[in-house]
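Comments concern the structure below.
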Amino acid sequence: LAERLQGTLQKIKGKGKISEADVKEMMKDVRRALIEADVNLKVVKEFVKNVSERAVGQEVMKSLTPGQHVIKIVKDELTELMGGEQSQISFATRPPTVIMMVGLQGAGKTTTTGKLANVLRKKYNKKPLLVAADIYRPAAIKQLETLGKQLSLPVFALGTDVSPVEIVKQALEHAKEEHHDVVMIDTAGRLHIDETLMQELKDIRAIKEPDEIFLVVDAMTGQDAVNVANNFNETLGITGVLLTKLDGDTRGGAALSIRSVTQKPIKFVGMGEKMDALEAFHPERMASRILGMGDMMSLIEKAQANVDEEKAKELEEKFRTQSFTFDDFLEQLSQVKQMGPLDEILKMLPGAGKIKGLENAKVDEKQMDRVEAIIYSMTAKEKTTPEIINGPRKKRIAKGSGTSIQDVNRLLKQFEDMKKMMKQMTNMQQKGKKKMRMP
Ligand code: GDP
Ligand code: MG
């Protein structure tokens, strides 16, 4: 999406209000990007409609360029659609709390049962009992027992010959006797939804209405995720979704689809196979991920800086051949300035809130203006060969730009330092390349 949006952002840059045509044009790209991230078509349509309604005619916020503003709307809307942060769990007023884990085979039910039990113990001071109700694969019981051992949590299992319903009944008895305040039922899955499985899950649910029924979904599941979620939700009435394998490189469009189709909150996300790899769900992070932006900034930067690939290559060539001039410097500077007020941009950086003192940061834009003025006061020859700038020339430039000789000296020094640094960088790159080629 980054590249796509970029193109459109270019088009609508520099307007004070967002027009209907702008939005229409941009939504084509957004639509395509969401579909590529495996978001369900129906969901995409609704989303595009919402965003369009919200964006058209909006005044562009003072601190943002129109392009930044549109990204903000797209992201806000996406975040909203995924619901708030809801990592709380409903506990029974009279323990034990029953949590039933359901989902397709391989989704991560057993693993997530262990992870969640770990969270319940650590964060909520609970004393969970894990119940092995997947009797169809002997390995499944073993797997849960191994996790239990690893976490020092008890696992209730009766082997593969007792029915899941009977296992759960006895587990609930056992939990009462042993004062477990949470019972987590790890159920069986199938590769595809089938009636026998659904009936079994309904029977388990009927023993004692669970306080939570969590649908475990593999984030890599594409379009099918919606059908799966819908089916489980309609049959069992799930209370929340746990999204696993987000440590992979999936865009995670499934998250958006599931949330929007079932209206059930995504509670936690699995970020790895280890027992501590379970995190609260952050809708905003997910929105960035689905849109394919590492962060908002990189996109804005790219969109605003206008550096198309050709220009970047040109620049690299200039670095390499040491023919970088003050004209190039000026161009770079104006690109940076186009991005908007620098201190505002800094604050938008993800994680910026954590950097101490940044809230009071004030980038000296006057300084940038001074630099520009100095360069404008140079002759063409001086810009390409600054070596010729001697005393009298410095005096002339300072006068022409309304600055001091010290200012001019400082800029010349900065420019020289920059060139040196570039030289080092390109040398290093070339050395690196050579190294890689060696056997
Ligand atoms: P189940 O059939 O639904 O019980 O699925 P399992 O819990 O057995 O998990 C299937 C596979 O997915 C196992 O190899 C897990 O280690 C792996 N897995 C589960 N959750 C995650 C996760 O969040 N990240 C990664 N990378 N792997 C996971
Ligand atoms: Mg399992």
Side-chain angles (χ1 to χ4, degrees), residues 38 87 99-120 128-151 153 155-160 162-164 167-168 171 183-194 196-198 200-201 204 210 212-222 224-225 227-229 231-233 235-236 238 240-255 258 266-282 285-286 289-290:
D38 262 335
S87 57
I99 300 177
M100 190 173 165
M101 308 287 278
V102 301
L104 293 184
Q105 188 173 317
K109 288 181 299 301
T110 307
T111 312
T112 312
T113 300
K115 288 180 188 173
L116 189 56
N118 196 22
V119 168
L120 289 175
L129 177 67
L130 311 185
V131 182
D134 178 0
I135 59 165
Y136 304 100
R137 293 181 305 155
I141 299 176
K142 195 91 200 275
Q143 187 189 355
L144 193 65
E145 281 174 336
T146 307
L147 292 180
K149 220 172 256 162
Q150 203 181 315
L151 295 165
L153 285 172
V155 173
F156 187 88
L158 294 175
T160 53
V162 184
S163 78
I167 292 172
V168 172
V183 174
M184 299 193 62
I185 309 168
D186 180 28
T187 66
R190 296 273 197 285
L191 287 175
H192 303 281
I193 287 171
D194 75 41
T196 329
L197 172 70
M198 286 303 176
E200 178 181 307
L201 295 176
I204 293 176
E212 298 276 19
I213 301 178
F214 288 146
L215 176 65
V216 180
V217 186
D218 181 339
M220 316 234 225
T221 324
D224 204 33
N227 300 330
V228 171
N231 209 312
F232 273 97
N233 192 35
T235 316
L236 295 166
I238 62 171
V241 176
L242 310 180
L243 206 58
T244 64
K245 308 185 196 179
L246 263 182
D247 48 317
D249 56 7
T250 168
R251 281 276 186 80
I258 292 171
I266 299 169
K267 300 242 172 183
F268 290 94
V269 294
M271 297 298 293
E273 302 195 54
K274 296 225 177 85
M275 280 300 107
D276 56 1
L278 192 70
E279 296 177 5
F281 174 69
H282 297 291
R285 271 186 224 165
M286 199 66 217
R289 184 171 178 143
I290 290 175

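Computation of the quantities below employed the complete heavy-atom set of this structure, encompassing side-chain atoms and omitting hydrogens, waters and symmetry-equivalent molecules. Just so you know, ligand 1 is whichever comes first in the structure, and atom 1 is the first atom listed for that ligand.
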### Query
Does the shortest distance from the Mg ion (ligand 2) to an N/O/S atom of T110 fall below 2.8 Å?
yes
### Residue part near ligand 1, for Q143, under 4.0 Å between non-hydrogen atoms
side chain
### Query
What part of L104, side chain, backbone, both or neither, has a heavy atom within less than 4.0 angstrom of ligand 1?
backbone
Under 3.5 Å, N or O to N or O, is [X] touching ligand 1 that way?
X: T111; value: yes
X: G272; value: yes
X: G106; value: yes
X: K109; value: yes

Provide the closest heavy-atom pair for [X] versus [Y] in the form atom of the first, atom of the second, distance.
X: T244; Y: D218; answer: OG1-CA, 3.4 Å
X: V269; Y: A280; answer: CG2-O, 4.1 Å
X: P164; Y: I204; answer: CB-CD1, 4.0 Å
X: I193; Y: V228; answer: CD1-CA, 3.7 Å
X: D194; Y: R190; answer: OD2-NE, 2.9 Å

At the 4.0 Å heavy-atom cut-off, does [X] count as touching ligand 1?
X: A107; value: yes
X: M101; value: no
X: D247; value: yes

### Query
So, T187 side chain and M101 main chain: donor-acceptor pair closer than 3.5 Å or not?
yes
### Query
Is the backbone N or O of A132 less than 3.5 Å from a side-chain atom of D186, with the two atoms forming a donor-acceptor pair by type?
no
### Message
Going by side chain to side chain contact (heavy atoms under 4.5 Å, CB included), L242 matches just one of V217, T113, L116. Which one?
### Response
L116
### Option of least heavy-atom distance to atom 23 (O) of ligand 1 (set: K245, Q105, R190, K274)
K245
